[in-house]
Amino acid sequence: MIVILQADTQRDSPPFAAIIEFLSQLPNIEVKVHEVIGSQQILTEIYLVGDTAALDEEEITNIPGVERVVRISRPYRVLGRHHNDHRSFGFSYNGVHFSQENLNIFAGLCAVNSPGDVEEMMRACQENGLQCTRMGAYKPRTNPYSFQGHGKACLPYVFELAGKYGIKVIAMEVTHESHVHEIREALQQTGEPTGVMLQIGTRNTQNFELLKAVGRQQEYPVLLKRGFGITLEESLNAAEYLASEGNSRVIFGLRGMKTNMGDPHRNFVDFAHIPAVKQLTRMPVCIDPSHSVGNRDQAPDGLLDMMHCTAQGVIAGANMILVDFHPHPARAVVDGPQAMLLEELPFFLEDVAIARHAYEARVALAAKFQGRAQ
Ligand code: PEP
Ligand code: MN
C-alpha cells in the first residue's frame with residue numbers, strides 16, 4: 001500500500017511525525033519513506049510493506065496530512081501504475097523535462113572517437129534545436145579484442161564541448177559502478193557544463209549489483225534498456241531495482257529483441273510494447289531505432305527502415321528517441337554502418353514531428369470518443 005502525503009509535507013513537521021507514529025504501530029507492517037522530487041514540489045510517499053490486506057484504507061486516508069492511499073496491484077511498487085493510480089510522474093533534469101506525455105530526442109555518436117567528430121555532432125544538434133545527445137565512452141563489446149571506448153580520458157572534452165553547444169543531457173552507458181564516479185569527477189572538474197543520463201545497456205539489464213549501485217545515487221537519471229532475451233516483466237523488474245534503491249528517475253528503453261525472426265533487422269523491433277509499458281508503469285518510454293534495426297536499408301518509398309520504425313514508435317507515444325548519427329560513419333569506431341548522416345538529421349526530425357502530430361491527434365481522438373474533457 002502507498003500512502004501519499006499532501007505536497008510539500010516536511011519531514012520535520014508534526015503531521016509527518018503523527019502519520020509515521022500511527023503507521024509504525026501497525027502489526028507486521030514495514031514502513032518505508034520515499035521522496036519524489038518533482039520540478040515544482042516534493043511529494044512524500046510512504047510504502048507499507050507486509051500484511052496490508054487487512055488495513056483500513058479509509059482510516060489511513062483520514063489521517064491529517066494524507067492525500068490519498070493507493071493499493072499496490074503490480075510487482076513494480078515504486079514505478080508501477082497501480083489500480084486507480086492516477087499519480088502523474090515526470091521529472092526535470094538539468095532543465096529538460098521527461099514524462100509519459102512529452103518527447104525528447106537524443107541524437108549522437110554510438111561511441112566517442114575523436115574531439116573533432118564530437119564537436120561536429122554537437123554543433124549539428126545545436127543547429128537543429130536539440131538539447132540532448134548520446135555519447136558512448138564505455139562500450140560493452142561482444143569480442144574482447146574490439147574497441148571498448150575511450151573511457152574516462154574522453155570525458156573532459158565531451159563535457160566541455162557539450163557546454164559549448166548548449167547540450168543539457170548526454171545519454172552515456174556505464175557498465176561498472178566506477179564509471180559513475182569517473183563521470184561525476186569529470187563533470188566537477190569541467191565545471192558541470194552539461195548533465196548526464198546514465199544508460200544501462202541491454203547486456204546489463206539484469207546486472208543486479210550494477211542496478212543497485214546506479215539506483216543508490218540520485219544525482220543522475222537512468223535510461224535502462226530492455227534485456228534482449230528476457231521477458232518484458234523481467235526487464236520492468238530490473239527497472240524497479242533502481243527505484244527500490246532510491247532512484248525513481250528512470251526511463252525504460254526498447255531496443256529490440258535478439259532472435260533471427262527479426263531478420264533482416266539486427267533485432268526484432270518491439271515498439272508495439274510502448275503502450276504496454278505505459279499501462280504497467282509510470283516510466284517514460286524510450287525507443288532506440290538504431291540498435292533495433294541496425295542497418296541503413298531503405299524502403300522503395302525513400303525512407304530508411306530506421307525512420308519507419310522511429311515513426312511507428314513515435315505514433316505509439318514514445319517519449320524519448322535514442323539514435324545513432326555520425327558526421328563520418330566510415331571512420332566511426334563502433335556501429336558506423338547503422339549511423340545516420342548529419343545531412344539526414346533535419347529530414348529525420350521533420351519525419352518525427354509528423355509522427356508526433358499524428359500521435360497527438362490520436363490522443364485527442366481517444367479523448368473525444370471517451371467523452372473526456374481535454
Ligand atoms: C548502445 O546504445 O550503444 C548500445 C550498446 O545499446 P544496447 O545496449 O541496446 O545494445
Ligand atoms: Mn551501438
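Atoms within a ligand are numbered from 1 in the order they appear, just like the ligands themselves. FYI, the numbering just counts along the sequence from 1. Only a predicted model underlies this, so the values are computations on that prediction, with no experimental measurement involved.
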- [ ] Identify the protein heavy atom lying closest to atom 8 (O) of ligand 1, giving its residue, its atom name and the separation to 0.1 Å.
- [x] T202 N, 2.8 Å
Task: Proximal heteroatom of D335 relative to the Mn ion (ligand 2) (N/O/S) - done: OD2
Open item on the list: Do Y47 and V33 make a side-chain contact, defined as non-hydrogen atoms from C-beta onward lying under 4.5 Å apart?
Closed with: no
Open item on the list: Starting from atom 7 (P) of ligand 1, what is the nearest protein heavy atom, named by residue and atom, and what distance separates them?
Closed with: K225 NZ, 3.4 Å
Task: Atoms of ligand 1 close to E173 [distance to a heavy atom under 4.0 angstrom, numbered from 1] - done: 4 (C), 5 (C)
Open item on the list: With a 4.0 Å cut-off on N to O distance, would you call D305 and R296 a salt bridge?
Closed with: no
Open item on the list: So which atom in F89 and which in M283 form the shortest heavy-atom distance, rounded to 0.1 Å?
Closed with: CE2-CA, 4.2 Å
Open item on the list: Quick check on the Mn ion (ligand 2): does D324 put an N/O/S atom closer than 2.8 Å to it?
Closed with: no
Task: Per atom 10 (O) of ligand 1, closest listed option by heavy atom (H291, K258, R255) - done: R255
- [ ] Please confirm whether R203 comes within less than 3.5 Å of ligand 1 when only nitrogen or oxygen atoms on both sides are compared.
- [x] yes
Task: Q199 neighbourhood, listing ligand 1 atoms whose heavy-atom distance to it stays under 4.0 Å - done: 1 (C), 2 (O)
Open item on the list: Are M1 and E57 packed together at the side-chain level, in the sense that at least one heavy-atom pair is separated by less than 4.5 angstrom?
Closed with: yes
Open item on the list: To the nearest 0.5 Å, what is the distance between CG on D335 and SG on C110?
Closed with: 4.0 Å
Open item on the list: Within ligand 1, which atoms have a heavy atom of K139 less than 4.0 Å away?
Closed with: 1 (C), 3 (O)
- [ ] Test M172 against every option in L223, V196, V180, L198 by the side-chain contact (heavy atoms from CB on, under 4.5 Å) rule and name the one that passes.
- [x] V196
Task: Angle subtended at the Mn ion (ligand 2) by H291 NE2 and C110 SG, rounded to 10 degrees - done: 130°
Task: Aromatic contact, Y241 with F208 (centres under 6.0 Å) - done: yes
Open item on the list: Within ligand 1, which atoms have a heavy atom of G201 less than 4.0 Å away?
Closed with: 8 (O)
- [ ] Determine, stepwise, if the pair K225 / E173 fulfils salt bridge (charged side-chain N to carboxylate O under 4.0 Å, His left out).
- [x] CA-CA 10 Å; K225 293 242 194 135; E173 180 163 358; over 6 Å; no
